[in-house]
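Read through the structure below, which is laid out as structure tokens, and then see the notes.
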Amino acid sequence: MTRPSTQVSARDRRRHLARARAILRLLPEPESWLDVGTGDAHFPGTARELFPYTSFDGLDPTPRVSYACHAERVEEAFVGQVTDPHITTILRSRYDVVTLLQHRSPVPDLRAELRAALTLVRRGGLLLLETPPAQSPALRTQLDFHGCTIVATSRHVLGQFPYTHRIIARRRRSAP
């Protein structure tokens with residue numbers, strides 16, 4: 001088992017801060033935030049600079065998230081998948097913000113993952129997604145179907161792909 005990396009490159013740090021700033025404009029002081037696929041939790045560790053009073057939790061299929069918790073980059077660590085019924089039951093409607101960022105490995109069922117992630121977001125909360133351009137139209141349709149309003153979108157160069165779409169959706173207060 002590998003220990004978590006402690007160094008964040010300057011490029012990754014800038015990307016993490018840009019993601020956090022996108023939320024800052026819409027929700028200046030979220031109480032709780034879950035980073036899905038957090039790994040070593042570099043994103044929450046960096047975002048904490050802008051959100052010092054927010055409780056960041058991490059969910060990852062590997063035990064790296066437990067090491068990240070020990071390193072105090074996340075407050076609570078959950079090992080598993082967002083689609084795991086045990087995870088969705090204990091974390092239901094717990095978070096003001098949930099992030100599903102693009103660096104996660106390919107997901108077998110994107111719709112199931114999106115549905116599960118939305119159960120973790122409180123009504124009125126935000127879901128931040130980064131996705132390859134080909135998946136963006138389908139995600140927008142699914143978000144609308146599940147009672148979300150898209151409040152911000154943007155296009156970013158990441159290096160792995162020509163660009164990625166960032167979508168921020170707000171779960172409507174009257175959503176099912």
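Scanning all heavy atoms of the two residues, the minimum distance from I23 to V97 falls at CG2-CG2, 4.0 Å. Here the closest non-hydrogen pair linking A68 and D40 is CB-O, 3.5 Å. When every heavy atom of A20 is checked against every heavy atom of L50, the shortest pair comes out as CB-CD1, 3.7 Å. Taking every heavy atom of both residues into account, I167 and L139 meet most closely at CD1-CB, 4.4 Å. P44 approaches R73 most closely through the heavy-atom pair CB-O, 3.6 Å. The minimum heavy-atom distance between T83 and A116, with the atom names listed, is CA-CB, 3.9 Å.
To the nearest 0.5 angstrom, R171 atom CZ is 10.5 Å from H146 atom NE2. The CG atom of L129 lies 11.0 Å from the CZ atom of R166; values are rounded to the nearest 0.5 Å. One distance of note links CG of L126 with CH2 of W33; it measures 8.5 Å at 0.5 Å rounding. For the atom pair CG of L114 and CZ of F145, the computed distance is 11.0 Å after rounding to the nearest 0.5 Å. Separation of atoms NE2 (H16) and CZ (R11) is listed at 10.5 Å; rounding is to 0.5 Å. Note: L128 CG to L27 CG = 12.0 Å, rounded to the nearest 0.5 Å.
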Inset, instruction - Kindly determine whether R19 and T99 satisfy side chain to side chain contact (heavy atoms under 4.5 Å, CB included), including the steps that lead there. - result: CA-CA 9 Å; R19 290 168 177 149; T99 47; over 6 Å; no

Inset, instruction - Would you please test V82 and L34 for side chain to side chain contact (heavy atoms under 4.5 Å, CB included) and show each step? - result: CA-CA 10 Å; V82 71; L34 177 69; 5.5 Å; no

Inset, instruction - Test side chain to side chain contact (heavy atoms under 4.5 Å, CB included) on C148 and L127 and set out the steps. - result: CA-CA 9 Å; C148 293; L127 179 65; 5.7 Å; no

Inset, instruction - Take F43 and T38, measure what side chain to side chain contact (heavy atoms under 4.5 Å, CB included) needs, and give me the verdict at the end. - result: CA-CA 7 Å; F43 170 69; T38 196; 5.7 Å; no

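The salt bridge (Lys or Arg N to Asp or Glu O under 4.0 Å) test applied to R94 returns D57, E76, not counting sequence neighbours. Applying the side-chain contact (heavy atoms from CB on, under 4.5 Å) test to R122 and every residue at least two apart in sequence or in another chain returns E31, S32, D96. By the salt bridge (Lys or Arg N to Asp or Glu O under 4.0 Å) test, D12 pairs with R15, sequence neighbours left out. With sequence neighbours excluded, the residues satisfying side chain to side chain donor-acceptor pair (under 3.5 Å) with T62 are D60.
Under a hydrophobic-cluster definition in which Ile, Leu, Val, Met, Phe, Trp and Tyr are linked whenever side-chain heavy atoms come within less than 4.5 Å, directly or via other members, I150 and L100 are assigned to the same cluster. Put simply, I90 and L118 are part of the same group of oily side chains (I, L, V, M, F, W, Y) that touch within less than 4.5 Å, one to the next. Under the 4.5 Å side-chain heavy-atom criterion for grouping Ile, Leu, Val, Met, Phe, Trp and Tyr, V36 is not connected to V79 through any hydrophobic cluster. Under a hydrophobic clustering in which Ile, Leu, Val, Met, Phe, Trp and Tyr are joined whenever their side-chain heavy atoms come within less than 4.5 Å, directly or via other members, I168 and L17 fall into the same cluster. The hydrophobic clustering, which links ILVMFWY residues whose side-chain heavy atoms are closer than 4.5 Å, places V65 and L91 apart.
Within the structure, every pair that satisfies the salt bridge (charged side-chain N to carboxylate O under 4.0 Å, His left out) test and touches residues 137-149, not counting sequence neighbours, is listed here: D144-R172. The list of side chain to side chain donor-acceptor pair (under 3.5 Å) pairs with a residue in residues 44-53, not counting sequence neighbours, reads R13-E49.
A 6.0 Å sphere centred on CD of E75 holds more than 12 heavy atoms belonging to other residues, nucleotides or ligands.
At least one donor-acceptor pair closer than 3.5 Å links the side chain of D84 to the backbone N or O of H86.
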